[in-house]
Amino acid sequence: MRRSGGGLQLQTALAVFVVLAAMLTCAVCRNPVRYLVGGNDNRWKPNVNYTNWSLQQVFYVGDWLYFVYDKNLYNVLEVNETSYRNCSDQGFILDITRGAGRDVFELTQPKRYYFLSSGGYCYNGMKVSINVVEFVPAPQGSQSSMIRCINPLVLSIVIVVWAVLVRNLGFTIIRA
């Protein structure tokens, strides 16, 4: 009995492709971050300088904003730049208030987002502008972030490659 040579070459190419794809995927991994808007001391409330807070952060696509506030007084609206500058809640983009006073918003695009609280609270500082950028990994990524990324991915790849190899190589016997 001998094994089919063409099947072995195909399986080897598939295994190499899967390993290379895993390496490329791990090179760009980053865990999303949930930012408490205003920081630990300044939740979503009046008389806080949210501009200073947001300028001290770097927000990436996939990160989350976490608004914590008194649900009986305040809300959170996504607005455009003009509404943000004028503290206007007319024609807002999205009301992210869910009624619990603990609302999250995912930053899905690389752009500037604008949020405010209506009812005149915007004039007391309850507005924030968030600049979101794409994550670009450092040329020589840190080993700790790579390890967090590799573990589940490598396990999945090993299982898939093992299943493909057993299925295709284990049973492709040609009789002479």
Side-chain angles (χ1 to χ4, degrees), residues 18-157:
V18 169
V19 170
L20 288 174
M23 290 171 62
L24 290 174
T25 301
C26 285
V28 297
C29 280
R30 177 186 173 276
N31 290 329
V33 175
R34 185 185 70 178
Y35 290 93
L36 179 59
V37 175
N40 291 332
D41 299 329
N42 297 311
R43 310 289 164 90
W44 191 237
K45 61 184 181 183
N47 304 316
V48 173
N49 189 331
Y50 292 102
T51 300
N52 285 345
W53 172 80
S54 69
L55 291 175
Q56 294 173 9
Q57 318 300 325
V58 178
F59 302 96
Y60 294 106
V61 172
D63 287 346
W64 294 81
L65 298 178
Y66 182 41
F67 293 87
V68 177
Y69 56 94
D70 183 338
K71 66 180 181 174
N72 297 312
L73 296 174
Y74 314 122
N75 64 357
V76 182
L77 303 175
E78 181 186 5
V79 296
N80 63 30
E81 183 179 5
T82 302
S83 295
Y84 174 81
R85 290 182 191 269
N86 296 325
C87 280
S88 172
D89 60 1
Q90 299 300 309
F92 61 86
I93 297 169
L94 180 67
D95 182 351
I96 68 166
T97 308
R98 299 291 178 252
R102 287 167 174 31
D103 297 317
V104 294
F105 181 86
E106 184 178 10
L107 303 169
T108 59
Q109 298 176 2
K111 68 176 193 172
R112 185 166 292 278
Y113 290 85
Y114 301 94
F115 301 94
L116 59 78
S117 185
S118 64
Y121 292 106
C122 177
Y123 294 108
N124 293 322
M126 289 187 71
K127 65 180 189 174
V128 64
S129 170
I130 304 291
N131 187 41
V132 179
V133 296
E134 288 283 352
F135 175 70
V136 178
Q140 297 173 345
S142 72
Q143 187 175 9
S144 62
S145 64
M146 291 283 288
I147 290 171
R148 280 194 305 262
C149 172
I150 290 173
N151 289 339
L153 185 61
V154 168
L155 178 60
S156 300
I157 291 170

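This structure is a prediction, so every number in the text was calculated from the model and none was measured.
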**OP:** Determine, stepwise, if the pair L107 / V61 fulfils side chain to side chain contact (heavy atoms under 4.5 Å, CB included).
**Re:** CA-CA 5 Å; L107 303 169; V61 172; over 6 Å; no

Original post:
When you look at V33 and W64, which way does the side chain to side chain contact (heavy atoms under 4.5 Å, CB included) test go after all the steps?
Top reply: CA-CA 6 Å; V33 175; W64 294 81; over 6 Å; no

Subject >> Verdict with reasoning, W53 to Y35, per side chain to side chain contact (heavy atoms under 4.5 Å, CB included) >> reply: CA-CA 11 Å; W53 172 80; Y35 290 93; 4.1 Å; yes

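The two residues G62 and P32 have their closest heavy-atom pair at O-CB, 3.1 Å. Nearest heavy atoms, L77 versus S118: CD1-CB, 3.9 Å.
Although no hydrogens or angles enter the test, the distance criterion places a donor-acceptor pair under 3.5 Å between the side chain of W44 and the main chain of N75. Between the side chain of T97 and the main chain of G99, no donor-acceptor pair closer than 3.5 Å is present.
The structure places CD of E78 at 6.0 Å from CG of L94, a figure rounded to the nearest 0.5 Å. To the nearest 0.5 Å, the span separating NZ on K111 from CD on E134 amounts to 13.0 Å. Rounded to the nearest 0.5 angstrom, Y114 OH and S83 OG are separated by 11.0 Å.
For residues 86-107, the set of pairs meeting the salt bridge (Lys or Arg N to Asp or Glu O under 4.0 Å) definition, not counting sequence neighbours, is empty. Sorted by first and then second residue, the salt bridge (Lys or Arg N to Asp or Glu O under 4.0 Å) pairs involving residues 31-47 (not counting sequence neighbours) form an empty list. Residue pairs satisfying the salt bridge (Lys or Arg N to Asp or Glu O under 4.0 Å) criterion with at least one member in residues 54-74, sequence neighbours excluded, are listed as follows: R30-D63.
F67 has its side chain within reach of I96: a pair of non-hydrogen atoms, C-beta onward, lies under 4.5 Å apart. No side-chain heavy atom of L65 sits under 4.5 Å from any side-chain heavy atom of V104. Inter-residue side-chain proximity for Y50 and N52 is flagged as unmet; no heavy-atom pair is nearer than 4.5 Å.
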Can you list, pair by pair, the side-chain donor-acceptor contacts under 3.5 Å of residues 122-132, counting residues two or more places apart and other chains?
residue, atom, partner, partner atom, Å
Y123, OH, N86, O, 3.3
K127, NZ, Y84, O, 3.2
S129, OG, R112, NH1, 2.8

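Aromatic rings from Y74 and Y69 are positioned such that their centres are separated by 6.0 Å or more.
Residues satisfying the ring-ring contact (aromatic ring centres under 6.0 Å, His included) test with F105, not counting sequence neighbours, are Y113, F115. In this view, S54 satisfies the side chain to side chain donor-acceptor pair (under 3.5 Å) rule with no residue, not counting sequence neighbours.
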